[in-house]
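Report on one structure; see the data block that follows.
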Amino acid sequence: MDINFKESLARRREKVEDLFEYEGMKIGRGTYGHVYKARRKDGSDNKDYALKLIEGTGYSQSFSLSACREVALLRELRHPNVIHLHRVFLSHVDRKVWLLVDYAEHDLWHIIKYHRATRASKKPHPTPTNMVKSLLYQILDGIHYLHANWVLHRDLKPANILVMGEGSERGRVKIADMGFARLFNSPLKPLATLDPVVVTFWYRAPELLLGAMHYTKAIDIWAIGCIFAELLTSEPIFHCRQEDVESNTPYHREQLDRIFTVMGFPQEKDWKGIKMLPEYNTLISQFGNQKHSYSNYSLAWYMEKHKVKSDSAAFRLLQKFLTMDPTKRITSKDALQDDYFIKEHPRPSADVFNGEPIPYPKRECIADEDNKDDKNDAGKEKNDQAKEPSGKRVKLSTNNVHQALHQRL
Ligand code: 0SO
């Protein structure tokens, strides 16, 4: 490229640090990079934004291909319940990519944790029932949009469901992805081989645990069922001791045991395709002669224990999400039309907080040590939630990545 042209481009290029104030405002850190809370310096709006910094690692010429993927995906999507990418800043000199996205003050991981903590107190208050309904409706709306566009989420869990705080979008769900699982685009790709990391399989559909080769919409729907149950009870429905992942297998005996202890053991008449799954033989050899010990368990019994009536509209819909046979699971489209939303009052609201004061604490800033060795800290930020290993770094010329992004932007 003409050197003068290149220089004039560099001069005219807007810099993130000239337009946004974010110093000392780090709110998230992980293997993916860093997230800052940010404000426009010119005050042209008074909104908060999140700035996600994706760094090429210290190794020169090495760059994460995931940055490319994330930008390519997010710039195509626009829906009120999916995180919005406002802008991308490329900083050529230090080879950084900055994504300017919505700032959400809350997320379901913190919201559920808050309500769960109140149970130990004198006056427990579970998540309000109208809030549960509005949350579920907006999650389904966002997922229906993604699925209609053949985008599968693949890692739905409470930490990825953000909720907007005070402002013009108060109480609106934004589906996001902190972006760990996405780096493993095949469900069979081992989460191991990197550092021993703690991962949760609580939101994983049974067919994945039995070795299904592809992600499907039904896998996202199972996860939504798990989140719905957790909102209703403040308890992760398929809670399981967290394993250190060192095996290469998708099969996790303890997680399957937990699912059967809630749902009962799957009967072949209910799930015809189960025999075709790669780990079916493992399942039968390990559970075959004890499957009768699960015969007293059912979702209805589990939910009744947690004070959710099995003749309620909420329970009937939950059962349609948490159906073992993925081909029989409800779709997001049908779920949006369910009696729970259409017939039963109250109707879901645009502000999930329903105009009530928001009791949840705001996000706290974390120390910005500016260190290069965040990899070791990544596993410590949330001790009750999935930790997934660092991104697969792809050797690429940084210049090529910047060029690829420039062509599309
Ligand atoms: O706000 C954030 O963090 C705190 C801690 C403040 C909550 N982080 C903002 C993350 C923004 N990125 C994001 O949501 N990415 C993303 C969304 C999605 C869909 C599926 C919901 C559309 N995918 N991704 C995504 C894509 C993430 C990572 C990669 C590599 C690709």
Side-chain angles (χ1 to χ4, degrees), residues 16-17 20-41 43 45-55 83-84 86 96 98-121 125 127-128 131 135 155 157-180 197-198 200 227 230-231 234 236 242 351-353 356-388 390:
V16 67
E17 64 270 25
F20 288 87
E21 185 64 63
Y22 57 85
E23 219 180 299
M25 302 277 272
K26 191 180 277 192
I27 45 173
R29 180 178 57 203
T31 45
Y32 54 84
H34 314 257
V35 180
Y36 298 85
K37 184 173 172 176
R39 281 226 167 192
R40 282 192 203 278
K41 282 187 168 174
D45 67 26
N46 266 340
K47 280 168 47 183
D48 292 319
Y49 291 91
L51 265 174
K52 173 173 170 178
L53 167 61
I54 308 168
E55 269 176 302
I83 192 125
H84 181 60
H86 294 272
K96 286 171 174 170
W98 293 82
L99 308 189
L100 183 71
V101 299
D102 298 319
Y103 174 75
E105 194 70 80
H106 309 285
D107 60 70
L108 289 193
W109 190 85
H110 285 100
I111 290 174
I112 293 168
K113 180 176 130 166
Y114 174 92
H115 288 288
R116 194 166 184 217
T118 70
R119 293 195 313 187
S121 74
H125 53 109
T127 317
M131 181 166 148
L135 284 167
D155 194 27
K157 56 187 178 188
N160 280 333
I161 308 295
L162 308 183
V163 183
M164 300 297 277
E166 300 295 349
S168 61
E169 294 189 284
R170 187 186 206 271
R172 183 179 284 172
V173 165
K174 299 281 176 185
I175 298 170
D177 188 344
M178 299 310 134
F180 306 108
V197 190
V198 186
T200 168
I227 295 169
E230 192 166 334
L231 286 167
S234 304
Q242 298 196 347
D351 169 6
V352 303
F353 307 121
E356 303 284 330
I358 302 172
Y360 316 111
K362 294 187 170 183
R363 289 189 195 286
E364 275 174 26
C365 293
I366 56 182
D368 193 350
E369 303 124 18
D370 215 24
N371 72 18
K372 301 116 224 115
D373 196 30
D374 283 341
K375 220 176 153 198
N376 299 328
D377 302 339
K380 293 172 191 158
E381 56 202 41
K382 279 179 187 171
N383 50 20
D384 205 19
Q385 187 68 59
K387 277 300 137 346
E388 288 175 64
S390 60

Quick check: do [X] and [Y] have side-chain heavy atoms less than 4.5 Å from each other?
{"X": "L135", "Y": "I227", "value": "no"}
{"X": "V101", "Y": "K174", "value": "no"}
{"X": "P158", "Y": "I161", "value": "no"}
{"X": "N160", "Y": "K157", "value": "yes"}

Candidate pair H115 and Y360, rule ring pair (Phe, Tyr, Trp, His ring centres under 6.0 Å), full reasoning: CA-CA 9 Å; H115 288 288; Y360 316 111; 5.4 Å; yes
Return the [atom1] to [atom2] distance between [X] and [Y], rounded to the nearest 0.5 Å.
{"X": "D102", "Y": "M164", "atom1": "CG", "atom2": "CE", "answer": "5.0 Å"}
{"X": "Y103", "Y": "E169", "atom1": "OH", "atom2": "CD", "answer": "14.0 Å"}
{"X": "K47", "Y": "R40", "atom1": "NZ", "atom2": "CZ", "answer": "8.0 Å"}
{"X": "L51", "Y": "E21", "atom1": "CG", "atom2": "CD", "answer": "11.0 Å"}
{"X": "L99", "Y": "I54", "atom1": "CG", "atom2": "CD1", "answer": "4.0 Å"}
{"X": "R363", "Y": "L162", "atom1": "CZ", "atom2": "CG", "answer": "6.0 Å"}

Nearest atoms (heavy-atom pairs only) where [X] meets [Y]:
{"X": "A104", "Y": "V163", "value": "CB-O, 3.7 Å"}
{"X": "P361", "Y": "Y114", "value": "CD-CD1, 4.3 Å"}
{"X": "D107", "Y": "A159", "value": "CB-O, 4.3 Å"}
{"X": "M178", "Y": "K52", "value": "O-NZ, 4.3 Å"}
{"X": "C365", "Y": "M25", "value": "SG-CA, 3.8 Å"}
{"X": "R119", "Y": "S234", "value": "NH1-CB, 4.2 Å"}

With side chain to side chain contact (heavy atoms under 4.5 Å, CB included) as the criterion, how do H34 and Y22 come out once you've worked through the C-alpha distance, each side chain's angles and the decisive distance to 0.1 Å? CA-CA 12 Å; H34 314 257; Y22 57 85; over 6 Å; no
Check whether the ring centres of H84 and Y49 lie less than 6.0 Å apart, and answer yes or no. no
Heavy-atom count check: over 12 atoms from other residues, nucleotides or ligands less than 6.0 Å from K41 NZ? yes
May I ask you to decide if the ring planes of W98 and Y36 are parallel, tilted or perpendicular, using 30° and 60° as cut-offs? tilted
Not counting sequence neighbours, which residues clear side chain to side chain contact (heavy atoms under 4.5 Å, CB included) with R39? List them please. N46, D48
